[in-house]
Amino acid sequence: MLNGIKPYLYLTYILDEIPKMRPFPKADELDSLLPWSDQLPEGFRTELKK
């Protein structure tokens, strides 16, 4: 699980959200979809083993 993200959930979320954006989204809009963004929905992150 790269970056502590569940890959299937993350990719399906991104592929659903990008078409909802305007044709040329601003950088901050795209930044909200990055794996390290705090704006990702709950349940996308895995519990990292220590």
Side-chain angles (χ1 to χ4, degrees):
M1 319 267 162
L2 195 58
N3 292 319
I5 297 286
K6 296 176 183 173
Y8 180 79
L9 289 177
Y10 176 67
L11 289 173
T12 55
Y13 173 73
I14 288 181
L15 293 174
D16 285 340
E17 291 299 312
I18 288 177
K20 295 177 188 175
M21 294 181 170
R22 53 196 175 108
F24 297 100
K26 293 186 176 182
D28 60 334
E29 292 175 294
L30 293 174
D31 286 347
S32 69
L33 298 176
L34 294 175
W36 47 84
S37 171
D38 293 333
Q39 298 176 9
L40 290 178
E42 294 279 331
F44 279 38
R45 302 202 186 283
T46 60
E47 292 185 26
L48 298 174
K49 296 178 183 178
K50 294 183 179 182

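None of the values given here were measured: they were computed from a predicted structure.
Membership of the apolar cluster around W36 extends to L34, as traced through chained side-chain contacts below 4.5 Å between ILVMFWY residues.
S32 approaches S37 most closely through the heavy-atom pair O-OG, 3.2 Å. Contact record, K6 with G43: NZ-O, 3.4 Å, taken as the closest heavy-atom pair. Annotation for I5 and Y10: closest pair CG2-CB, 3.2 Å, computed over non-hydrogen atoms.
Residue pairs meeting the salt bridge (charged side-chain N to carboxylate O under 4.0 Å, His left out) criterion with at least one member in residues 23-46, sequence neighbours excluded, are R22-E29.
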Identify every side-chain donor-acceptor pair in residues 11-21 under 3.5 Å, counting partners at least two apart or on other chains, and give the distances.
unit_1 : atom_1 : unit_2 : atom_2 : d
T12    : OG1    : Y8     : O      : 2.9
T12    : OG1    : L9     : O      : 3.0
E17    : OE2    : K20    : NZ     : 3.1

